[in-house]
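First up is the structure itself, then whatever we jot down about it.
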Amino acid sequence: MPETEVEDLLRRLAPQVLGAVVRRYGHFDTADDATQEALLAAATRWPKDGLPDNPLGWLITVAARRLTDLLRAEQARRRREDTVARWTPPGQWSAPAAESDDTLVLLFMCCHPSLSPASQIALTLRAVGGLTTAEIARAFLVPEATMTRRITRAKRSVKDSGVPFAVPSPPERDGRLGAVLHVLYLIFNEGYASTSGPDLQRVELSAEAIRLTRTLHRLLPGDGEVTGLLALMVLTDARRPARTGPDGSLIPMAEQDRSRWDAAAVAEGVALITDALPRGPAGPYQLQAAIAAVHDEAPSAEATDWPQIIALYELLMRISDNPMVALNHVVAVAMARGPHAGLDLLDPLAADGRIAGDHRLHAVRAHLLEMAGDQVAARDCYREAARRATGLPQRRYLHARAARLADGQAGP
């Protein structure tokens, strides 16, 4: 089996393995180490030996045996050793039903209230989302060593809390739901627009985020924000087939072939958000989904209902102090009222330290300057945006835009 296929399979199975081992044996922090060693063993053996009949069962068995070895090596936990040693790892494991999915239970466990919000998100991205510590550190704008310590402390806190591996009670669930939704949102975004590496998209991450959110929606069908998040993911992912060219290059929404958008996904997302909005006050995920629906239902970029999108962003800004929301609002205003109206709003936003160094701020400024006809300033801003971008496809796209302006070519 090709190594790339093995890697994709292991990424999908990793949270299920960790969830199953923690559910059966406990010891969250040590179980994570054991799971990583089982994944490494599989990555080494499976490309040469072929897949076992039950890949998930193989990984859980190896992880369980390694967990026993790790616990046996810890002198301070010798009393636990006898108990663990008496457990016989099963030879066959069946996949759990969606309602008792170990991955979902693991997700709520990582959002335990004993952890800070930042630690909840970091631990879940590591244990459930499969992101590397370096990727999570970039998302939090902290050094990798700092993030390593944060995740290690978080695992210890979960272990010391003694929380059982089970779906939390309704009050506990409600208290953790906001963090769970935010984590799923971050995992999806990392998959849809990867912050690093050679590829624009990491489909396995966005697919896993959608899968987990579908499971959560089945458990909580009446929660408007759960429905809104699922709608947002589905509507956004519907555009994925048109986001890249044959060479993997980025294609912005305005230039995409909309016939390649997934019409069934668009219909599903629109139905979800249409069902959620009338239930009560709309939360941030519902508003973002409504914006995505307006984009997806427009037959062309020119036919987009920008005034409606402006109104939705203004509602969103009232309940969300997020500079990216404000940046998207700037774009919508520019598309409806002209580039100078957008540039007037962009200058105050550039003073916000949370976004001043982000490549997207400079890319938006470049685009608006290009729309306004100032090609020299636009070219410089595209180059600055490319310098700040961490993803290779984004850098290539921004350099290409700058090169077109250097050659005297207008934008599309």
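The structure displayed is predicted, hence computed values, not measured ones. Computed from heavy atoms alone, side chains included, the values below leave out hydrogens, waters and symmetry copies.
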Let me confirm one number: the [atom1]-[atom2] distance from [X] to [Y], rounded to the nearest 0.5 Å.
{"X": "Asp32", "Y": "Thr30", "atom1": "CG", "atom2": "OG1", "value": "9.5 Å"}
{"X": "Ile187", "Y": "Ile210", "atom1": "CD1", "atom2": "CD1", "value": "12.0 Å"}
{"X": "Arg24", "Y": "Leu67", "atom1": "CZ", "atom2": "CG", "value": "11.5 Å"}
{"X": "Leu235", "Y": "Leu272", "atom1": "CG", "atom2": "CG", "value": "8.0 Å"}
{"X": "Glu37", "Y": "Asp69", "atom1": "CD", "atom2": "CG", "value": "8.5 Å"}
{"X": "Ile319", "Y": "Asn322", "atom1": "CD1", "atom2": "CG", "value": "11.0 Å"}

Derivation and outcome, side chain to side chain contact (heavy atoms under 4.5 Å, CB included), residues Leu368 and Val330: CA-CA 10 Å; Leu368 298 188; Val330 166; 4.0 Å; yes
Do [X] and [Y] touch side chain to side chain, with heavy atoms closer than 4.5 Å?
{"X": "Met324", "Y": "Leu327", "value": "yes"}
{"X": "Val180", "Y": "Leu212", "value": "no"}
{"X": "Phe188", "Y": "Asp237", "value": "yes"}
{"X": "Leu316", "Y": "Pro284", "value": "yes"}
{"X": "Leu184", "Y": "Leu107", "value": "yes"}
{"X": "Ile60", "Y": "Val62", "value": "no"}
{"X": "Leu219", "Y": "Arg173", "value": "no"}
{"X": "Glu190", "Y": "Ser206", "value": "no"}

Applying side-chain hydrogen bond (donor to acceptor under 3.5 Å, both in side chains), can you list everything that pairs with [X], at least two apart in sequence or on another chain?
{"X": "Arg156", "answer": "none"}
{"X": "Ser116", "answer": "Ser119"}
{"X": "Arg388", "answer": "His362, Glu384"}
{"X": "Gln36", "answer": "none"}

Does CG belonging to Asp257 count more than 12 external heavy atoms closer than 6.0 Å? yes
So does Arg45 have more than 12 non-hydrogen atoms from other groups sitting under 6.0 Å from CZ? no
Counting N and O atoms only, with roles assigned by atom type, does the side chain of [X] sit under 3.5 Å from a partner on the main chain of [Y], one being a donor and the other an acceptor?
{"X": "Thr61", "Y": "Gly57", "value": "yes"}
{"X": "Arg243", "Y": "Tyr192", "value": "yes"}
{"X": "Arg279", "Y": "Gly222", "value": "yes"}
{"X": "Arg395", "Y": "Ala386", "value": "no"}
{"X": "Thr304", "Y": "Ala301", "value": "yes"}
{"X": "Glu225", "Y": "Gln286", "value": "yes"}

Could you walk me through whether Asn189 and Thr236 satisfy the side chain to side chain contact (heavy atoms under 4.5 Å, CB included) test, starting with their C-alpha distance in whole Å, then the side-chain angles of each, then the deciding distance to 0.1 Å, before giving a yes or no? CA-CA 10 Å; Asn189 283 344; Thr236 304; over 6 Å; no
Which atoms form the tightest heavy-atom contact between [X] and [Y], and what is the distance?
{"X": "Leu18", "Y": "Ala127", "result": "CD2-CB, 3.7 Å"}
{"X": "Gly342", "Y": "Val333", "result": "N-CG1, 4.4 Å"}
{"X": "Val6", "Y": "Ala42", "result": "CG1-O, 4.3 Å"}
{"X": "Ala231", "Y": "Gly269", "result": "CB-O, 3.7 Å"}
{"X": "Cys110", "Y": "Thr124", "result": "CB-OG1, 2.9 Å"}
{"X": "Val325", "Y": "Ser320", "result": "CG2-OG, 4.3 Å"}

Mind running side chain to side chain contact (heavy atoms under 4.5 Å, CB included) on Asp321 and Arg354 for me, showing each step along the way? CA-CA 11 Å; Asp321 179 26; Arg354 296 172 296 172; 3.2 Å; yes
Residues Trp58, Leu13; criterion side chain to side chain contact (heavy atoms under 4.5 Å, CB included); working and verdict: CA-CA 11 Å; Trp58 189 97; Leu13 293 179; over 6 Å; no
Identify, with sequence neighbours excluded, every residue that meets salt bridge (charged side-chain N to carboxylate O under 4.0 Å, His left out) alongside Arg258. none
Any ion pair linking Asp160 and Arg153 (charged N to carboxylate O, less than 4.0 Å)? no
Do NZ/NE/NH1/NH2 and the carboxylate oxygens of Glu370 and Arg365 come within less than 4.0 Å? no
Summary of ring-ring contact (aromatic ring centres under 6.0 Å, His included) pairs that have at least one residue in [range], sequence neighbours excluded:
{"range": "residues 251-284", "result": "none"}
{"range": "residues 205-257", "result": "none"}
{"range": "residues 271-299", "result": "Tyr185-Tyr285, His295-Trp306"}

Going by salt bridge (charged side-chain N to carboxylate O under 4.0 Å, His left out), name the pairs with one or both residues in residues 289-310, residues two or more places apart or in two chains. Arg239-Asp296
side-chain contact (heavy atoms from CB on, under 4.5 Å) filter on Thr148, not counting sequence neighbours, yields Thr133, Glu144, Thr152
Sequence neighbours excluded, which residues qualify as side-chain contact (heavy atoms from CB on, under 4.5 Å) partners of Ala63? Val17, Val21, Thr35, Ala38
CA sep, side-chain torsions, deciding dist, call: Glu255, Arg401, salt bridge (Lys or Arg N to Asp or Glu O under 4.0 Å): CA-CA 13 Å; Glu255 301 172 29; Arg401 298 294 297 220; 3.1 Å; yes
For the residue pair Arg387 and Tyr382, would you count it as a cation-pi contact if the rule is NZ or CZ under 6.0 angstrom from the ring centre and within 45 degrees of the ring axis? no
Scan for side chain to side chain donor-acceptor pair (under 3.5 Å) pairs involving residues 327-336, sequence neighbours excluded, and state none if there are none. Glu314-His329
